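Keep in mind it's a predicted model, so treat the numbers as computed, not measured.
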Amino acid sequence: MNQNAEYSAVNDAVRGEFFRRVWGMITPYWRSEEKGKAWLLLVAVIGLSLFSVAISVWINSWYKDFYNALQKKDDAAFWSLILYFCGIAAVAILGAVYRLYLTQMLTIRWRAWLTEKHFARWLGHKNYYQLEQGGYTDNPDQRISEDLNNFTSNTLSLGMGLIRTVVSLVSFSIILWGVSGSIEVFGYTIPGYMFWCALVYALVGSWITHLIGRRLIGLNNQQQRFEADLRFSMVRVRENAESIALYNGEPNEQQRLSTRFGKVWHNFWDIMKVSKRLTFFTAGYGQIAIIFPFMVAAPRYFAGKIELGELMQINSAFGNVQENFSWFISAYADLASWRATCDRLLSFRQAMSDNEDRLPAIDVQSQGAALKVQHLGLDLADGRRLLNNADMIVEEGDRLMLSGRSGSGKSTLLRAMGGLWPTGHGNIRLPAARYLFLPQKPYLPIGSLREALSYPQSGDTYPHDRYVHVLETCRLPHLVSRLDEANHWQRMLSPGEQQRLGFARALLYAPHWLYLDEATSAMDEEDEASLYQALIDQLPGLSIVSVGHRSSLKRFHPRHVRIESGHLVEQTVTA
């Protein structure tokens, strides 16, 4: 993994770039085609959030009348205020329910929009391929599924919480300032002294909270990565279950999984230690906040300057002001998690942007009727050169076999033709005609066999008879009755059957140019000969470029080019 890419967002924060980049991730949705519904929901959620503040102010006023009624033993006023509170509670419950419902609605709509955009970016410009090859970022699946979910929900939750906090702070600060009176200290009269006590109490608490909990940001970031790495390792075991079982590789896999989990374990222990210290402080801070306003306001109550109702109103108002001032303390763990999520998303998006902005080292274009390789050089990531200033022309209708020793660059040359190879130089001109690549291990999506056959087109592209015909031609008649069966075909079929399915896909698609990368390596020579002959017979004029080792392939390819010492060498074909 590229650590510089992963933690670039942290460095951005030092340069004052973090919030600008996060803002750039937040705002597009609110200017998108969904902006009408988005803003309507947002205004409704903000309105209900402010309404909850109004309910709190309402209840604060009720406290004064209720405790005064208790002090005066006013039975009629007591029961009247109880009924009054029931009305306030009913309205508060209704507002809370719809605030949650509309917030969830806005969250899932925002997440859906962001997810679709990230799907498009990840799959566009071959990002999904290049990021894996270059090691630019880890676990893109987690970043799109979990991190986007956490980002939308936490951004709205923290944003709405901050808005409620600011409005509540203003409202209760006015109330607290009005009811707390003044105090004289060292000859100086301090008006609204309870307000200043709440402010100092919260500032000191926030500063200490940050000192204790600031490590949580990096630890949360690492925890998300370690958890994703563990899940990915388990998926690898599932995807390669047969090979592992035949190798009796269970002890090795257990050791690998235990090593992955060990990182989860140790990092989580670090989070626990920091969280313990943070909880010690915040719990103590919260408990002291319960009695602190009584301690500060008690002298005025015992002096007879205020009644019990006013004391309880001061306590309620002080609690709200202190709580609002302490929003940073109560939300610190959520802020740390949100920051870690943003860091991961920003580094992921930056890696995709870097790949999109990177000029291709090899100029690949579709033009003309022939395949032309001009002055082509192919390099490995370690700097080793596979191919040096190679030139080759494949005319329309040619069938060319490309061979060479293992590791000489045959498959790499095909990847370069597909625009997938990032290092090298030169030009490749692909014919501007319908083409198809058949890799050694064909991709078979989970779904119906019909959809797997017609991939990347939809399953209803061709008539039923065509599917039956190509399956029978490719020696897969036993699969005809399973065309509409949904399954994980890459697990169900043998490697040879998968490759035959790849040839069936080629016959369906009927390309003018076909590029095969050892696409018959899992077949016997009889199947190989039958399928190549089917291509030649059923797709007249088909141009073929095949990478292969077997000499049995030569009779299907009038031309034979071999990679030797980094050069393309035309071989003489003997009858």
Side-chain angles (χ1 to χ4, degrees), residues 126 129 364 366 371 373 394 396-404 406 409-421 428 430-431 433-445 449-457 459 461-462 466-467 469-476 479 489-490 493-550 552-561 563:
K126 299 290 191 291
Y129 176 82
V364 181
S366 295
L371 168 64
V373 175
V394 183
E396 186 178 8
D398 279 359
R399 299 196 302 273
L400 178 143
M401 178 180 170
L402 187 65
S403 65
S406 179
K410 306 181 299 297
S411 296
T412 303
L413 177 54
L414 241 63
R415 292 191 188 103
M417 291 177 183
L420 300 182
W421 197 251
I428 297 177
L430 296 176
R434 188 179 175 91
Y435 68 89
L436 183 68
F437 280 83
L438 283 190
Q440 184 176 12
K441 187 176 181 181
Y443 171 65
L444 305 178
L449 183 60
R450 191 186 303 272
E451 291 170 336
L453 263 175
S454 60
Y455 185 84
Q457 299 169 303
T461 304
Y462 306 100
R466 284 287 296 150
Y467 291 99
H469 173 71
V470 297
L471 284 176
E472 291 177 343
T473 300
C474 295
R475 300 190 170 194
L476 296 168
L479 295 180
W489 297 105
Q490 221 147 350
L493 303 178
S494 70
E497 287 176 315
Q498 292 179 41
Q499 289 190 338
R500 278 181 273 160
L501 209 61
F503 273 78
R505 181 182 290 166
L507 289 173
L508 267 181
Y509 190 68
H512 298 125
W513 284 78
L514 187 61
Y515 305 87
L516 303 98
D517 184 8
E518 299 193 50
T520 59
S521 59
M523 300 183 200
D524 56 46
E525 291 188 6
E526 183 182 345
D527 281 341
E528 177 184 77
S530 173
L531 295 184
Y532 262 97
Q533 194 61 53
L535 289 176
I536 295 170
D537 293 342
Q538 297 189 25
L539 301 177
L542 174 66
S543 306
I544 298 177
V545 177
S546 296
V547 168
H549 289 286
R550 294 177 180 171
S552 58
L553 282 175
K554 292 182 179 179
R555 66 189 179 102
F556 300 104
H557 301 83
R559 287 185 63 191
H560 181 200
V561 172
I563 298 180

CA sep, side-chain torsions, deciding dist, call: D517, L438, side-chain contact (heavy atoms from CB on, under 4.5 Å)
CA-CA 6 Å; D517 184 8; L438 283 190; over 6 Å; no
Carefully, step by step, assess S546 and H557 under the rule side-chain contact (heavy atoms from CB on, under 4.5 Å).
CA-CA 8 Å; S546 296; H557 301 83; 2.8 Å; yes
side-chain contact (heavy atoms from CB on, under 4.5 Å) between L420 and Y129: does it pass, once the steps are laid out?
CA-CA 8 Å; L420 300 182; Y129 176 82; 3.6 Å; yes
Which is it for F556 and Q533 under the side-chain contact (heavy atoms from CB on, under 4.5 Å) test, yes or no, and what are the steps along the way?
CA-CA 8 Å; F556 300 104; Q533 194 61 53; 3.6 Å; yes
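The aromatic rings of F437 and Y515 sit parallel to each other, their planes meeting at less than 30°, with 60° as the upper class boundary.
Side-chain contact between Q457 and Y462 is present, with at least one heavy-atom pair separated by less than 4.5 Å. Within the 4.5 Å cutoff, no side-chain heavy atoms of L414 are placed close to those of T412. A heavy-atom distance below 4.5 Å is found between the side chains of R475 and E526. At least one side-chain heavy atom of I536 sits under 4.5 Å from a side-chain heavy atom of R399. The shortest side-chain heavy-atom distance between S543 and H512 does not fall under the 4.5 Å cut-off. Put simply, the side chain of L514 reaches to within 4.5 Å of the side chain of L535, judged on heavy atoms. Between T520 and F503 there is a side-chain heavy-atom pair separated by less than 4.5 Å. Side-chain atoms of V394 and V561, non-hydrogen and from C-beta on, never get closer than 4.5 Å to each other.
Here the side chain of Q499 pairs a donor or acceptor atom with the backbone of Q440 at under 3.5 angstrom. Of the possible polar contacts, one joining the R505 side chain to the A452 backbone as a donor-acceptor pair under 3.5 Å is found.
Residues K441 and E518 are not paired through a salt bridge, judged by the lack of any N-O separation under 4.0 Å between the basic side chain and the carboxylate.
Residues in residues 528-549 take part in these salt bridge (Lys or Arg N to Asp or Glu O under 4.0 Å) pairs, two or more places apart or across chains: E528-R550.
Atom-to-atom distance recorded for L371:CG and I428:CD1 is 7.5 Å, nearest 0.5 angstrom.
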